[in-house]
Amino acid sequence: MNNGSHTALRIARSGGVARIVLDRPPVNTLDLAMVRDLKQFVEEAEKDTSIKVVVLESADPEFFAAHADLNWMLDPGELFDLADPAADPALNPLQQLHERFRALPQVTIAKLRGRLRAGGVELAMAADMRFAAKGETWLGQPETRMGIFPGGGGTQYLNRLVGRARSVEIVLGADLYGTDIAELYGWINRALPSEELDAYVDTLARRIADLPEGVASAALAAIDAAEASGPVPVLAEESRAHARVYPSPPEIVDRARRGLEAGAQTREGETDLEALLDRVADSAS
């Protein structure tokens, strides 16, 4: 993955985790350079099986990603020139980008600080999870104030996360929301004190990256099947996905055995099972 070819992103790799840092002063606008860089990263990540987790964050603590380039309101030609000929032609270029990011085979995490509006929020919503600095992050879909409405996937992603009534409020009210309301609505997974955010996301990303091969993708397939089914869960899809990881290969069976030996399924061991399992995993590495 060639970091030197990007002008609006910085990319760092650590084990199976790729950290993508948005760095496009003055406010991380989703402009021509940013969209081109994100498209290039997505194209590379789709084929890179060594990447297990993607963490998306900003170099600017005051702006995660402001919004799409407002110059595209004045002259949409540059935006439409970004259309991906291999993607669904019914989608506009930002929808195409966000959908490709959403469909990445890796687990994706948006780590949020500062303001993110419109296209910036849509990019974050395309991630599997969103964690934000409490009291230092604000989200908004202000497009209706400009006489349009969210068109980079915003209406669809919002509905999945917060439900119809709150989507209507966010889109038509066009306010800026702090982390208290965003967390309450389900727009973000969790708001954490700023000094705890980096460590929390890093630990989560490493834990997922260290999972046995195939576990994360199988679990995501089962979760996505449930979401796609609407009000009736598609348990057959869950069963088929689960068959990809259970019955388990010998090394996973051995991990379970060592977990039992360490105290799993005892009152003491189950009090902090997560820590016990971490110890078992560490002993295997």
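Since the structure is predicted, the reported quantities are computational estimates derived from the model, not experimental observations. When reading the values below, keep in mind they use all heavy atoms of this one structure, side chains included, and skip hydrogens, waters and symmetry mates.
Using a 4.0 Å cut-off between charged nitrogen and carboxylate oxygen, E196 and R190 do not count as a salt-bridge pair. Ion pairing between K134 and D180 holds under the 4.0 Å rule for side-chain N and carboxylate O. The residues D210 and K52 are annotated as not salt-bridged, no charged nitrogen and carboxylate oxygen being separated by less than 4.0 angstrom. Classification of R279 and D272 as a salt-bridged pair fails, no side-chain N sitting under 4.0 Å from a carboxylate O.
L176 and G140 make their closest contact through CD1-N, 3.8 Å (heavy atoms, listed as atom of the first residue, atom of the second, distance). Of all heavy-atom pairs between P150 and V171, the closest is CD-CG1, 3.6 Å. Here the shortest heavy-atom pairing between R130 and A124 reads NH1-O, 3.1 Å. S5 approaches Q40 most closely through the heavy-atom pair OG-NE2, 2.7 Å. In terms of heavy-atom proximity, A127 sits nearest to T108 at CA-OG1, 3.3 Å. Between S167 and V162, the shortest heavy-atom distance links the atoms OG-CG2, 3.5 Å.
A 4.5 Å side-chain heavy-atom check between V55 and V17 finds at least one atom pair inside the cut-off. Counting heavy atoms from C-beta on, the side chains of L220 and S217 never come closer than 4.5 Å. Proximity of F64 to L56: side-chain heavy atoms (C-beta onward) are separated by under 4.5 Å at one or more points. Side-chain atoms of R166 and E169, non-hydrogen and from C-beta on, do get closer than 4.5 Å to each other.
For residues 99-125, the pairs satisfying salt bridge (charged side-chain N to carboxylate O under 4.0 Å, His left out) are E43-R100, E46-R100, E57-K111, D84-R100, E99-R102, K111-D198, R113-D198, with sequence neighbours left out.
A distance of 3.5 Å separates CZ in F41 from CD1 in I20, rounded to the nearest 0.5 Å. Taking CG of L82 as the reference point, atom CD of Q96 lies at 9.5 Å (rounded to 0.5 Å). Distance OG/S248 to CG/D254: 11.5 Å, rounded to 0.5 Å. Going from atom CG of L172 over to atom CZ of F149 covers 10.0 Å, rounded to the nearest 0.5 Å. Atoms CE and CD1, from M129 and I109 in turn, are 4.0 Å apart once rounded to the nearest 0.5 Å. Distance CG/L116 to CG/L139: 4.0 Å, rounded to 0.5 Å.
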How far apart are the C-alpha atoms of I170 and L158, what are their side-chain angles, what is the distance that settles it, and do they pass the side chain to side chain contact (heavy atoms under 4.5 Å, CB included) test?
CA-CA 9 Å; I170 290 167; L158 266 173; 3.8 Å; yes

When you look at R24 and D69, which way does the salt bridge (Lys or Arg N to Asp or Glu O under 4.0 Å) test go after all the steps?
CA-CA 12 Å; R24 183 67 169 167; D69 191 344; over 6 Å; no

Side chain to side chain contact (heavy atoms under 4.5 Å, CB included), that's the test. Do L161 and Y185 meet it? Break it down for me.
CA-CA 8 Å; L161 295 172; Y185 280 14; over 6 Å; no

Would L38 and F101 count as a side chain to side chain contact (heavy atoms under 4.5 Å, CB included) here? Give the steps.
CA-CA 9 Å; L38 286 168; F101 186 80; 5.8 Å; no

Would L112 and I188 count as a side chain to side chain contact (heavy atoms under 4.5 Å, CB included) here? Give the steps.
CA-CA 9 Å; L112 308 177; I188 59 176; 4.1 Å; yes

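Considering only residues two or more places apart in sequence or on other chains, Y200 meets the ring pair (Phe, Tyr, Trp, His ring centres under 6.0 Å) condition with F131.
Hydrophobic clustering (side-chain heavy atoms under 4.5 Å, transitive across Ile, Leu, Val, Met, Phe, Trp, Tyr) keeps L91 apart from L94. Criterion: ILVMFWY side-chain heavy atoms under 4.5 Å apart, direct or through other members. Under it, V27 and V21 are not part of a common hydrophobic cluster.
Atom CD of E268 has 12 or fewer heavy atoms from other residues, nucleotides or ligands within 6.0 Å. Around CD of E213, the count of heavy atoms belonging to other residues, nucleotides or ligands within 6.0 Å does not exceed 12. For R36, the CZ atom counts as loosely surrounded, since its 6.0 Å shell holds 12 or fewer non-hydrogen atoms of other residues, nucleotides or ligands.
Note on ring orientation: taking the six-membered ring where Trp is involved, the planes of W187 and Y177 are perpendicular (angle over 60°, cut-offs 30° and 60°).
Remark: the T29 side chain and the D31 side chain contain no N/O donor-acceptor pair separated by less than 3.5 Å. Defined by atom type and a distance below 3.5 Å, a donor-acceptor pair is missing between the side-chain atoms of S14 and R19.
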